[in-house]
Each structure stands twice: as C-alpha cells, then as structure tokens.
There are 2 protein chains.
Amino acid sequence: MKKRQITIKDIAKSLNVAPSTVSRALADHPDISKETKELVLAFAKEHKYKPNALALSLRTSNTKTIGVILPQIVHFFFSSVLSGIEDEAEKAGYRVIISQSNEVFEREVRGAYTLQESRVCGVLASVAKTTTSFSHFQELIDSGVPVVFFDRICTGILTDRVVVDDYAGVQTAVEYLINTGCRRIAFYGSESHMPISRNRRMGYEDALRKHGIFVDKSLMTICNNYKDALAITPSMLNLPEPPDAFFAVNDETALGILNVVKAKGLKVPDQVSICGFTNNAIAEISNPQLTSVDQHGYEMGATSMRLLLDHIEGRRESDQIVNKIIKTNLVVRETTR
Amino acid sequence: MKKRQITIKDIAKSLNVAPSTVSRALADHPDISKETKELVLAFAKEHKYKPNALALSLRTSNTKTIGVILPQIVHFFFSSVLSGIEDEAEKAGYRVIISQSNEVFEREVRGAYTLQESRVCGVLASVAKTTTSFSHFQELIDSGVPVVFFDRICTGILTDRVVVDDYAGVQTAVEYLINTGCRRIAFYGSESHMPISRNRRMGYEDALRKHGIFVDKSLMTICNNYKDALAITPSMLNLPEPPDAFFAVNDETALGILNVVKAKGLKVPDQVSICGFTNNAIAEISNPQLTSVDQHGYEMGATSMRLLLDHIEGRRESDQIVNKIIKTNLVVRETTR
DNA sequence: TTGTACGCGTTATCAA
DNA sequence: TTGATAACGCGTACAA
C-alpha cells in the first residue's frame, strides 16, 4: 500500500505553474511574486509536502549522511559514543546510518560496502576484534570518503583517529594505587593485538617500573569479563604473595574481582584496592562504589563527529591527519584508599 | 576533496558501449554476451564500482531504509532493542537511520520529519516522556509510511505495537514476593502518563489484591533512578511498619534500594527482598545478584523489525493492526528468597 | 545482442 | 516574473 508522497511536480500541476516555479517559491527565491509564493506555500503546507532527500542528494552529490561502524551497540561505552555522534550530527543537519559488526569481520566489510553504496559523506568506525585486514576501510578512503577511527583504531591506515589516552589513564590509575600503599598490583587485560590493549598493559608496566616495583608476570592475566574474573580471581588470591590491588581493563571485570574479594572476607579497600576502566554507569551503583578511569565515551563520539565534519565541510586540508586524544580521568570512589 | 565515485556511464564510456549494456551486464542479464559481461565485470571490479543506492532508490521508490526514533541510545534497554533492530534489518538488506529524541518532544518531531524526507520505508518508534501530541507520527502513517511502536507506545494512534507484558511481568514478580512470605511490599514507579507506567502499577496493585493484601499508598512512591532511591529508601525503612520487600520499575533503582538496605544492616533477602525490572547487565553483577524481570529488549527490537517488514513487503493487510506482546520472565537470583 | 529514450524528484541555467 | 530544459545515476521498454 505504498502511497507516493507529494512532489513538486504534483504541486505544479495542481496550481498550473511550472515545477521550477514551485521549486523557487519553496526556496523563497526573490524572483517569485508574492502571490505565487503564498499560493505555493499554502498548497505545500496543506498537502504536507516534504522535499525528497534522495532526489536532492542525487542532484547535489551530497547525502548529508554519515555512517557509523561499531562492534556492539549494547556496550555502555559504544552506546555512549554513538549518542555523542548522533547529537552532534543532528546539530549539523546530518543523518546517521548505523552498522554493527558484532565483532564479525565479514559483517564489518559488508557494512562498509553498504555505507559506500549509500554514498555517505563520511564514516566513523571502531574495528571489530577479529579484524586484521583493513582494505574495506582503505577502499572508503580511496573513494574519497573520509574516515575517522575512534577507540579501536586501525594503525595500518593513514587517517584521523580519536582515542582515549589509555596509556596515561592506566598509568595514572596504577600510580594512584602505588601512592596509596599498594605494592602487589594485579593486571587483568585483553590479549588482543589492538593498540588499546597494548597501551594499557604498557601503562601498567611503566607505572610499576617508574616506582621500582618488579613486574611480576604471575600477577598479569588475560581476563576482560565478569564471568572470567569470578573464575580467575580466587587463584590470584591464593598466590603465595597475593595481590593487594587489582587493575582491570573494564568495569565488569573489576566488579567480578570485587565480588570474589568480598566473598573471601577481605576488606575493600583496606586490604585490597580495586580499580576499573570506562567508568560505566555500574561503577557508581556498585557497593562499595568502584574507582574507575573515565573514558568519556560521549565526548569521544562528539569529538569524532566534529573532526569528520571538518573534513567533509572542507574546513581542513584533506591530506592532514589529526590524532585527537581524549583525556581520561581517574574517578576515585570507594574501592581504593 | 569530494572525489566522484565511478558510475555506469563512466564504465560505458571507457568500454565504448551503452550504459544500458553495462547495467545489464552487471545485473547478469541473459541477453548480454559472455564476452561483454566479462569485460564489464572485470572493469567494474578493477575500478571498485559500487551501485549508487540513491539513484536506485529514486528509480524504484524504495529506499531499503528504515528509521528508528528512540529516547536515549545509552540506556541498556534501548540499546538492546536497537541492536535487535539492526541485526534483523541487516539480515533483510535494510539500512537503519537512527534519531534519538533525548526525551525532548521537539527533537522527536524533527526526527520524524527528517526520516520522512529520507523516504524511509518504515519507522520504529518509542516516544519521549514529554510527548503528548502525536501528529508527527500520524503524519507518517497518513503519508503511507508504516510505523511500529515499541515499549513506549502511542495509544492515540492506530498502528502496530510491540510491548512487554508489563502488567503480567510485575504481577508475577510481586506474587513471587508474596509467595515467598513478603507482606509489606513497596513499589517504586514512574509518575508518567504512559501506559507502561500505569500497567506496572496495576500489576502491582492487582497482585496484592488477589492475595488479600491491603494496597498501602504509603508504600508506593515515584522513584525511578539510583540517586532518588538512595534518598527515598531510608524514610521507607523508618516507617512504623517498614517494607519487607521492594519492587522497582528498573534495576538501577533496585540497586539503590539494595545499597541502602545493606547499609542499614538488614539482611537481603532474609529480612528484605528486592526485585528490579529490565534485567540489565548490572543485575548479574550486583552483590547479591539482583532478582529482576527480564524485558527481552533484543527480542523486542527484532520482533518489531520483523513486524515492520511484514508491512513493508506486503505480507500483511495494511489495515490490520497487530499488537505483539513480548513475554517477560522473572529471573530469580539472590535478592529474593 | 546492443543501443536509445525516458522517468524517478530536484534545481540551476537559459530563454521568454 | 515565469517556463522549458538538462542533469544527477540507474533500469527498462522499445527499437534496431
């Protein structure tokens, strides 16, 4: 039951004028007489005329649309970023098409392809964990579609990036733990090849070294979710020299640790400090409230979008690459001294 | 530096054939000779030809795009729904444009308008709290754009709806509390005029009445976030006859209650039972783990999308209205007996 | 087997 | 002040 929407032609026919006249009247062109304008405007309003964005885009070669490729919408961090992107896009009069990869490489590629078919003006992307080949992104850039990577960037590709200062964020947090008296600090990280994972690990190691603390591999583990944290933490606590603090690369993991530690009867933060990363909504809600490194997802989204718009609207040399770094900040709550 | 993408015309010119020949070759039309086809396909592949979705949409009057209007992307429930929508849309070959209202009426209206300009094939919407006039949705429907409301529906408008069985969900949960020995059950709800709020309240009241328990207004309060729960709960506990159980319309609120109750030194669930709604990721992570009513956001999104597709692709009489109800289920964890 | 012409909805250009 | 025309990229009915 597809009802065709009313067009300029329809208005023209009904009013016995030329389509071009209607177009000009609607655009408030100075050449059009007051009477014709009023006539057209009244008719358009009555029949709820809405310009066809497709036809407009085709004519102007400008879709006023940007595409977002991200791993998972449901994650707090990514949905925060998306929210920032959408708010900023709407302010600038751009539409937003989303494509979630669900961490599946093939779907990410398909998404990039579809966005290009849609002739988006630009793409904001955060790559899937399984992605190791980046030609789908390179193809976008080669076709003249600006791409800005956020968070999970793509080192192989020369383009704008917006990242959080993972390294400094972790280092600051770990130093805080050290300064509050912790000496055996465990690190729960991701094994991935992605820069963010490496940066966080380095931030941890360097903080220890800076304070002359031995980097003990037995305190470092691959663990980045709640369930695994429940499974792994008991053995950590049973070490001959157990940790007196934990740093986790996300808040779910930190809460897993917290729950195990509490169940063991250890006092938080008196005997064990815990610090997470992201500053998820859950950090504030946990008990005791979780100390965490705020990743400012919303701001990252808004910043990425603004960067992309600079490109799209020609406010910047296109061959100039910008790397924005979003400052993290440590939100000290109750799981640390 | 907007580089124009390669078109069928470009290919035609380079290969000295007519555009229509290229078009047919790309579509694997039987009339085209093998040689020409191979020639065209090879050239297209080499130059990374991608069909222009705009031109195609304009020709076929079919954008293969759907629009989503929702209050806030960052909420766990809504991002779950969105994820379900996107997955189902991608399966069916549809693009997804998002528009978040941030609970602001004017922005919701603008979103509906923009989606109509984009000539979306259909719209999935959940209305803002501040929305009391619905003409922007009616206008979509009047223009032949099918609309499916999810969760926060619009009673004034005759169209498909997908809701969770709030009433039954709450009733079941409250009955569970009653059956496990609770008698003074507090209710933390929303004051809104929206059906979901009313349904939940009725589910609560009816469960009590069914079991011959007096509906005590002093146990019912307007409270639907963590902070307010921290503020309000102490006075609840100081009532002459304090509650022995709490039901909250979302999980953040339930956790606020939980934290206050624990701080008071009351045993959960021995002295006080607590039940939330949504079954947020945080429910599993809290300590003790929160009993909650699972709202199945992802499934709601997927179901809504499928319903919309039935409409769009003509698999259903367009004047027939469908109300889908997503069954909730009570996930009993550790905050209830 | 391939080419020509048209239309989808719009606006800029030129002509009247 | 208004109208006719062409073009954006594509597919298809019709002609060759």
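This is a predicted model, so every value here is computed, not measured. Protein chains get the first letters and strands the later ones, always in sequence-line order, with residue 1 at the start of each. Only heavy atoms go into these numbers, but all of them, side chains included; no hydrogens, no water, no symmetry mates.
If you look at A:Phe137 and A:Phe149, their ring centroids are closer than 6.0 Å. Between A:His296 and A:Phe77, the ring center distance fails the sub-6.0 Å criterion.
Not counting sequence neighbours, the partners of B:Gln138 by the side chain to side chain contact (heavy atoms under 4.5 Å, CB included) test are B:Ile141, B:Asp142, B:Ile157.
When the side-chain nitrogen and oxygen atoms of A:Ser23 are compared with OP1 and OP2 of C:dT11, one or more of them lie within a distance under 4.0 Å. Between B:Ser20 and the phosphate of C:dA5, there is no side-chain N or O to OP1/OP2 separation shorter than 4.0 Å.
Where DNA chain D meets chain A (any atom under 4.0 Å from a heavy atom), the bounding nucleotides read 5' to 3' are D:dT1 to D:dG9.
When rounded to the nearest whole Å, the span between CD1 of A:Ile8 and C1' of C:dT11 equals 8 Å. Computed from coordinates, the B:Arg59 CZ to C:dG9 C1' distance equals 14 Å when rounded to whole Å. Note: CG (B:Asn62) to P (C:dG9) measures 13 Å, nearest angstrom. Per the geometry, CG belonging to A:Leu56 stands 5 Å off P belonging to C:dT11, to the nearest Å. Counting to the nearest Å, the P atom of C:dG3 and the CG atom of B:Asp31 are 13 Å from each other. Between the CZ atom of A:Arg4 and the P atom of C:dG7 there is a distance of 14 Å, given to the nearest Å.
The main-chain N or O of A:Val147 is found under 3.5 Å from a side-chain atom of A:Thr159 such that the two form a donor-acceptor pair.
Look at B:Arg95 and B:Glu86 and you find no salt bridge, because none of the NZ, NE, NH1 or NH2 atoms lies under 4.0 Å from a carboxylate O. A salt bridge between A:Arg152 and A:Glu103 is present, with a side-chain N of the basic residue lying under 4.0 Å from a carboxylate O of the acidic one.
For the segment residues 42-53 of chain B, residues with any heavy atom less than 4.0 angstrom from an atom of DNA chain D are, sorted by number, B:Tyr49, B:Pro51, B:Asn52.
Distance check: A:Leu124 CG to A:Asp151 CG gives 13.0 Å after rounding to the nearest 0.5 Å.
Below the 3.5 angstrom threshold, one finds a donor paired with an acceptor across the side chain of A:Arg24 and the base of C:dT13.
Of all heavy-atom pairs spanning A:Gly111 and A:Ser99, the tightest one is CA-OG, 3.4 Å.
Other residues, nucleotides and ligands place more than 12 heavy atoms under 6.0 Å from the NZ atom of A:Lys37.
At the heavy-atom level, B:Thr36 lies under 4.0 Å from the strands shown only through sugar-phosphate atoms.
Residues B:Pro19 and B:Ala55 each lie close to DNA chain C; by heavy-atom proximity, the contact nearer the 5' end of the strand is made by B:Pro19. Along DNA chain D, the nucleotide closest to A:Leu58 and the one closest to A:Glu35 are compared, and the more 5′ of them pairs with A:Glu35. Residue A:Gln5 is the one, among A:Gln5 and A:His29, whose nearest nucleotide of DNA chain C lies closer to the 5' end (criterion: closest heavy atom).
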